[in-house]
Enquirer: 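Below is the structure I would like to discuss, written out as structure tokens.
Atom set for the values below is all heavy atoms of this structure, side chains included, hydrogens, waters and symmetry mates excluded. None of the values given here were measured: they were computed from a predicted structure. Naming: A, B, ... by sequence-line order, numbering from 1 per chain.
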Amino acid sequence: MEKKIQILIVDDEIDFLDTIADRMEMRGFSVTKASSGQEALDAVANKKFDIALLDLKMPGLDGFEVLKRLKKEHKYIEVIILTAHGSIEAAFDTSKLGAFGFLTKPYDFDELINVIKDAYEHRLKNKFANDPELLEQLMEKTKNLPLGAENALDIIDELKKLDNDLK
Amino acid sequence: MPKSNLLLNKLDPLRERHYRDLRKKHILRLSITYLAPFLLLLIFLNYEYLELIDESENRHILSIAESQSRILDIYLHERLVNLMNIIDGPFITDQPDNDELDFFLKQLKKDSDSFIDLGFFDSSGIQISYSGPLKFLEKKDYSKEKWFNDLIKSHNRYVITDIYLGLRKAPHFTIAVKRQNNSHLWIFKSSLDPAIIYRSITSFEKSQDVNIAIINNISEYQLVREDIGNLLEISPFNPPYTHSYGISTTIHKNQKLKYSYSWLSNVNWAVIVFPKNYGSSLFQNKKISNLIIASILVIILLILIIIFRSKKVVEIEYENDIVKIQLEQASKLVTIGELAAGIAHEIGNPLNIIANEVGIMQDYANPRFNVNKKISDLNVHFDKIMKAVFRCKEINKKLLTFVRKHDFEIKAHNVNDIIEDFISGFFEHEMLLKNIKILKNYEPNLPDVMIDQNQFRQVIINLLNNAADAIVPPGTITVKTFYDDKNVYISVTDTGLGISKEHIDKIFLPFFTTKPVGKGTGLGLSVSYSIIKNFGGTITVESIPGKGTNFTIILPKIQN
């Protein structure tokens, strides 16, 4: 069975947290909820995540601080900012800190799913590009594939399978 | 001032009345500062002027009296010398007869027209011989006459009589001289016509604004114009003998009359001089009227200046007020702008929840997910949506209290309520997100103060926002209220960066800001200060660089 994409959702709005977790799970993601920056850091210490959805304005550790620490300690996690504080400065600052995406609340759920997928692919490419051993395994698996436009998607599928096997 | 008028139309009647009152107040104040000293000066100058006029008038009439008395003295002295020359002369015999006297009289008349006749007397007082128009006076006994006895007794060699009518019923006076040689006594007497004296005095009078009269030592007129008095009548003038000349006053025709006098040295006569228009001064009329015209012109000028100046002052005041109003509005916009970011966040979150809840219900309805839910299972989602909607509504309501145009109204308020309303409304939550703690220390029995609620709220927002901006999180803002006998105090203390010494004097100036470009207009504190000043209070500031800053609003307590 294909391994689910692991998602961490960080937001101080509990009402939001519960519902979005339900919706993500209905779409086959594995979701962990954190209602503060500290909870988020505790969660990543115990479990590997592919994607983090992160609110910026939170009491205690705010989104910027959590983003900084996640990117520092967990190289391949992709972070998507999900905030009501939608200023251009904030988008710019978080992108500099390594956030993959920036969505303002209220957001379109389908768009979020697309961004999550993009982020996941980005994470995989990133991970393989930086790891020669993984890359070699990939080349071995894909050397018989003919080159073509539609085959690019097959490569992604191969990457997913490979990543799942490695977990 | 067309621009100002345009703006004035926007002002309510209360403000218009305020400016009218202000103008009245300025006119009154300027009147006191400009007109009062001028009027005092005028009164003083007028007094001085009258004194001066009085004095110069005195000097004027005194100099006339003196000069006239000297002229008379010289005249009389000359006549005396004429007679002395005869009696002591080489042609005199022991018993001069009429022919001899005719010869002497002719000689005397050469010296002066005023000699009328000449008589010779022996020690018995009989007129022995006579030359002149009144031949019947010859051999007449003068031994009872006052002048004769005076002359006999006198150690002086002459007597000059007062003017009298005598036997001839014409005004004249007499000069008599004596010569004692061993046992022989000569006495010569001559009557003199005072017409020449009279002429010289009246011709002098004509060219002057004065009346001149001559009186003797018992105040009888000796020489006088008919419209003033009659010869030998008692005059109202009573000059003292103790001074040879001077100024004195008397009552004449029920009026106080000032006159100068000068006693003659050869005879007990005094020259009296007094103004023609007695009762009013000599120069006063014409010159005083000039002074009055000048004064009125100056007063009119001053009044014009006062009206113009007070108008100008009110205009300046008015323009300042307009600028203040504009600044207040600008600062209100700034405050709203600063709030806007926070509000966007506050509204964004509940909207997000609504979108999310609707989304999950769409998911339930989507056959793809194959979810089996009862309608009652949806209640939890409906509740969340309603909760989020009401959150938005609450924020909306609070936002409107800032944006809505309020009428300015000063009345009694408890500042605790206004502060708490704002802090618990947005500020506390926003600060929590920024990791800033709010400590509230309200005095529960705080007395009311007279303020406009909206303006005061603006000041509080401004101080709290400044405090928050000064803090590098984490930090604390302490809001404290307290009071004493006179005032209510609202203190806002932050644990921020503090204000440097060179900046602390300037922080209440408009457009002074240390915030980065685009972050602050530099209006907040200056407008806050002017608002609190308007309430009759003040704002004080204390700061320790690196430790924090304390702003204290001081408002007067309502006195019973």
Side-chain angles (χ1 to χ4, degrees), chain A residues 7 9-29 31 33 35-38 53-66 68 80-91 93 102-114 116, chain B residues 337-373 377-378 380-392 395 426 428-438 473-474 516 518-519:
Chain A
I7 295 186
I9 305 179
V10 191
D11 202 305
D12 60 325
E13 292 273 357
I14 305 292
D15 284 352
F16 169 72
L17 209 51
D18 290 343
T19 306
I20 196 172
D22 287 352
R23 297 192 75 189
M24 304 289 280
E25 276 166 357
M26 284 170 78
R27 281 163 179 77
F29 296 98
V31 181
K33 298 179 277 188
S35 63
S36 73
Q38 195 53 53
L53 300 184
L54 184 60
D55 188 17
L56 283 182
K57 276 206 168 185
M58 289 182 294
L61 281 177
D62 70 0
F64 292 96
E65 194 57 39
V66 175
K68 264 187 243 172
I80 297 165
I81 303 296
L82 203 55
T83 180
H85 186 72
S87 74
I88 293 169
E89 286 159 322
D93 290 346
F102 191 93
L103 290 175
T104 53
K105 294 173 182 175
Y107 60 94
D108 181 65
F109 195 78
D110 292 335
E111 195 189 341
L112 174 66
I113 297 297
N114 285 333
I116 288 172
Chain B
E338 281 165 5
L339 282 171
I343 289 162
H345 181 252
E346 293 298 306
I347 290 180
N349 273 328
L351 284 179
N352 185 47
I353 289 168
I354 293 166
N356 217 28
E357 297 305 322
V358 172
I360 197 164
M361 286 191 281
Q362 282 172 335
D363 290 348
Y364 292 161
N366 192 334
R368 185 188 129 199
F369 294 109
N370 197 19
V371 185
N372 238 338
K373 289 272 179 187
D377 290 336
L378 299 180
V380 59
H381 301 295
F382 293 145
D383 287 349
K384 284 185 184 177
I385 291 174
M386 284 314 277
K387 221 170 104 188
V389 167
F390 277 97
R391 246 172 86 184
C392 286
I395 289 158
F426 299 109
E428 208 162 23
H429 185 230
E430 222 189 306
M431 288 304 110
L432 195 65
L433 295 177
K434 282 189 178 168
N435 223 350
I436 294 170
K437 217 163 120 190
I438 310 280
K519 286 274 182 186

Enquirer: At a heavy-atom distance under 4.5 Å, which candidate from A:Asp108, A:Leu82, A:Asp15, A:Ile20 has the highest pair count against chain B?
Expert: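 The candidate making the most pairs under 4.5 Å is A:Asp15.
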Enquirer: Please report the interatomic distance CD(A:Glu65) to CD(A:Gln38), rounded to the nearest 0.5 Å.
Expert: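 Answer for the CD-CD pair, A:Glu65 versus A:Gln38, is 10.5 Å.
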Enquirer: Looking at A:Arg27 and B:Asp363, does any basic side-chain N land under 4.0 Å from a carboxylate oxygen?
Expert: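 Yes, charged N to carboxylate O under 4.0 Å.
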Enquirer: Less than 4.5 Å to any heavy atom of chain B: does that hold for the side chain of A:Met26, its backbone, both, or neither?
Expert: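 It is both, since atoms from each part get that close.
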Enquirer: Just so I understand: if I count every heavy-atom pair under 4.5 Å between each of B:Val371, B:Leu432, B:Ile353, B:Asn356 and chain A, which residue has the most?
Expert: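 Counting heavy-atom pairs under 4.5 Å, the top option is B:Asn356.
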Enquirer: Are any side-chain N or O atoms of B:Asp383 and backbone N or O atoms of B:Met386, one a donor and one an acceptor, separated by less than 3.5 Å?
Expert: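 The answer is no, because no donor-acceptor pair under 3.5 Å joins these two groups.
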Enquirer: For chain A, find which of B:Asn435, B:Ile360, B:Val380, B:Ile354 contributes the most heavy-atom pairs closer than 4.5 angstrom.
Expert: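 Maximum pair count with chain A is reached by B:Ile360.
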Enquirer: Top residue by heavy-atom pair count (under 4.5 Å) with chain A, among B:Met431, B:Arg368, B:Lys434, B:Arg391?
Expert: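 The residue among B:Met431, B:Arg368, B:Lys434, B:Arg391 with the greatest pair count is B:Arg391.
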Enquirer: Nearest 0.5 angstrom please: A:Phe16 CZ to A:Leu53 CG, how far?
Expert: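 Taking CZ in A:Phe16 and CG in A:Leu53, the distance rounds to 7.5 Å.
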Enquirer: Taking ring pair (Phe, Tyr, Trp, His ring centres under 6.0 Å) as the definition, give me every residue that meets it alongside B:Tyr364, ordered by chain and number, with sequence neighbours left out.
Expert: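 Result, ring pair (Phe, Tyr, Trp, His ring centres under 6.0 Å) vs B:Tyr364: B:His381.
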